[in-house]
Amino acid sequence: MQAILFDMDGVILEGPRTDPQVYADATSYALSELGIDPASEQREAFRGFDTDIITDHAATHGIDPDEFWQLKDYRASELTHERVRSGERGVYDDVEVLPELAERTTTALVTNNRHRTAEFVGDHFEFGFESVRGRDPSMDGYQRRKPDPYYLDETLDELGVDGGLYVGDSGVDITAGQNADLETAFVRRSHNRSTELPAEPDYELESLTELLDLLETAGSR
Ligand SMILES: [Mg+2]
């Protein structure tokens, strides 16, 4: 197997996604940096990710939507890194296998989460990823997230490989992996026990440690 690429949320970091409170706080920060104080209904919309609605509301308040987006993205990353550093947001026990996998093959991180946070996780835990990629801090970057294979394709190019395995915890990961012509593995965790998948993954894993065997089998084929 040329490479193993990992999703981040729900595979490495505990829980399927960033806590909504992080985006609520990041939104308050960004709005106050830009000097506006919208009513609660509009504030709610700014917390979300609907780029059309955010662009409309930004126009109403005379702020640059991209600048808002970037500030919110930046702050959400800072807040997330704090939560990870303090242990408030943990990692799964089986991530201890990642350095060993990195010794045996090329590993990388490709997530729909923010690029800054992907970089932070790569640096903070020393899992041995050769490449890390998250979504760019812009509305365009948000649109390129999985199931679009954009960030997966870019990572494969960077690694100089044309195949491998993508390990994820959601249907979108399986679709994106297939869109990038990768084999796919679905990790069952407590949050996705009963998730139904849009497409059949090549493997289902109960633990990331099973990747060692899988790598061995693939190597001897
Ligand atoms: Mg995930």
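Numbering of residues begins at 1 and proceeds along the displayed sequence. Atoms within a ligand are numbered from 1 in the order they appear, just like the ligands themselves.
Taking the Mg ion (ligand 1) as reference, Asp7 places its N/O/S atom OD2 nearest. Asp9 has its closest N, O or S atom to the Mg ion (ligand 1) at the position named O.
At least one cation-pi condition fails for Arg188 and Phe186: the charged atom is not both under 6.0 angstrom from the six-membered ring centre and inside a 45 degree cone around its axis.
Minimum heavy-atom separation, Tyr92 to Val11: CD1-O, 3.4 Å.
Classification of Arg116 and Glu78 as a salt-bridged pair holds, one side-chain N sitting under 4.0 Å from a carboxylate O.
Taking backbone and side-chain atoms together, Asp169 has an N/O/S atom less than 2.8 Å away from the Mg ion (ligand 1).
Shown are Leu211, Leu215, Val161, Thr217; of these, the side chain to side chain contact (heavy atoms under 4.5 Å, CB included) with Met1 is made only by Leu215.
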